[in-house]
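Note sheet for the following structure.
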Amino acid sequence: MTHKDQPSMIQKKVCILGAFGVGKSSLVSQFVHRKFSEKYLSTMGVKIERKEFSVNGRSINLMLWDIHGEEDYKQIPTTYLRGASGIIMVVDGTRRSSLEEGREILAGFQDELEGLPVVIMVNKYDLLDEWSFSSTEIQTLSEGGPPVYLTSAKTGVHVEEAFHKLAEELIRP
């Protein structure tokens, strides 16, 4: 196979959205570096990470835009979303309000995000005893909507699968 015959690397921009403190940066760090830190550092503006990997035999380079969380999603500049190919919405399983905040963010940017694949990560699965959602509510969340993954940035459970699911959607013709 010559260099010309090799499939080219697919590059996609993915925006990581959610309320403050839900674990967006920790999930990105777990996915990209396989690391978790107990220290909480609030993201200011946007932090960009990238990860190259293979999905369904195709090489993909995800540019992960970890966008700061806001109590008021209207404070997030729409320019951060420009050129996005997909969205990861992060919700904190221990904070019921983060689900409604996530829904408000998606609704508030509906025009910018229309038609983009979305994956929802309900984070902090390692703290299941402290969750404020029932299994029925989680099941309802996943019915008829975007795929939902119960994740833990701390242990890494289901983090890889969630990002890979979005990548599969991004390379779909």
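Within the 4.5 Å cutoff, the side chain of Asn56 has heavy atoms near those of the Glu168 side chain. Looking only at side-chain heavy atoms (C-beta outward), Ile171 and Val55 come within less than 4.5 Å of each other. Counting heavy atoms from C-beta on, the side chains of Ile67 and Lys24 never come closer than 4.5 Å. Glu52 is not listed as a side-chain neighbour of Ile60, based on a closest heavy-atom distance of 4.5 Å or more. By the 4.5 Å heavy-atom criterion applied to side chains, Trp65 and Leu81 are not counted as neighbours. In this structure the side chain of Val148 reaches within 4.5 angstrom of the side chain of Val122, judged on heavy atoms. Residues Met89 and Leu106 form a side-chain contact, since some pair of their non-hydrogen atoms from C-beta on lies under 4.5 Å apart. Val119 has its side chain out of reach of Pro146: every pair of non-hydrogen atoms, C-beta onward, lies at least 4.5 Å apart.
Checked by atom type and distance alone, the side chain of Ser29 pairs as donor or acceptor with a backbone atom of Lys35 at under 3.5 Å. Distance alone, capped at 3.5 Å, is enough to place a donor-acceptor pair between the Arg96 side chain and the Ser132 backbone. Remark: side-chain polar atoms of Ser152 are not paired, donor with acceptor, to backbone N or O of Tyr125 under 3.5 angstrom.
The CD atom of Glu161 sits 11.0 Å away from the CG atom of Leu150 when rounded to the nearest 0.5 Å. Atoms CD1 and CD, on Ile105 and Glu100 in that order, are 10.5 Å from each other to the nearest 0.5 Å. Between atom OG1 of residue Thr151 and atom CD1 of residue Ile120 there is a gap of 11.5 Å, rounded to the nearest 0.5 Å. The line from CG of Leu166 to CG of Leu62 is 7.0 Å long, rounded to the nearest 0.5 Å.
Under the 4.0 Å criterion applied to side-chain N and carboxylate O atoms, Glu101 and Arg103 are not assigned as salt-bridge partners. A salt bridge links Lys47 with Glu49: the closest approach of a Lys/Arg side-chain nitrogen to an acidic carboxylate oxygen falls below 4.0 angstrom. For Lys165 and Glu169, the salt-bridge test passes: some basic side-chain N is under 4.0 Å from an acidic carboxylate O.
Applying the side-chain hydrogen bond (donor to acceptor under 3.5 Å, both in side chains) test to Glu160 and every residue at least two apart in sequence or in another chain returns His164. The side chain to side chain contact (heavy atoms under 4.5 Å, CB included) check on Ala153 picks up Ser26, Leu27, Phe36, Asn123, with sequence neighbours excluded. The side chain to side chain contact (heavy atoms under 4.5 Å, CB included) test applied to Thr94 returns Asp92, Lys124, Leu127, Glu130, Trp131, not counting sequence neighbours.
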> Run the side chain to side chain contact (heavy atoms under 4.5 Å, CB included) check on Val32 and Arg50 step by step: do they pass?
Replying inline: CA-CA 7 Å; Val32 174; Arg50 74 179 189 90; over 6 Å; no
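A donor atom on one side chain and an acceptor atom on the other are found under 3.5 Å apart for Ser25 and Asp66.
The ring pair (Phe, Tyr, Trp, His ring centres under 6.0 Å) pairs that include a residue from residues 134-163 are Phe31-Phe163, where partners are two or more places apart or lie in different chains. Sorted by first and then second residue, the salt bridge (charged side-chain N to carboxylate O under 4.0 Å, His left out) pairs with a member in residues 144-154 read Glu38-Lys154; sequence neighbours excluded.
Minimum heavy-atom separation, Ser98 to Val91: OG-CG1, 3.2 Å. What you find for Met63 and Ile48 is that their closest heavy atoms are CE-CG2, 4.1 Å. The two atoms that bring Val118 and Pro147 nearest to each other are O-CD, 3.3 Å, heavy atoms only. When all heavy atoms of Gln30 and Thr155 are compared, the pair lying nearest together is NE2-C, 4.3 Å.
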Just distance, no hydrogens or angles: give the donor-acceptor pairs under 3.5 Å from side chains in residues 10-19, sequence neighbours left out.
{"from": "Gln11", "atom 1": "OE1", "to": "Asn61", "atom 2": "ND2", "distance (Å)": "3.1"}
{"from": "Lys13", "atom 1": "NZ", "to": "Tyr80", "atom 2": "O", "distance (Å)": "2.9"}
{"from": "Lys13", "atom 1": "NZ", "to": "Arg82", "atom 2": "O", "distance (Å)": "2.6"}

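Counting non-hydrogen atoms of other residues, nucleotides and ligands closer than 6.0 Å to CD of Glu143 gives a total above 12.
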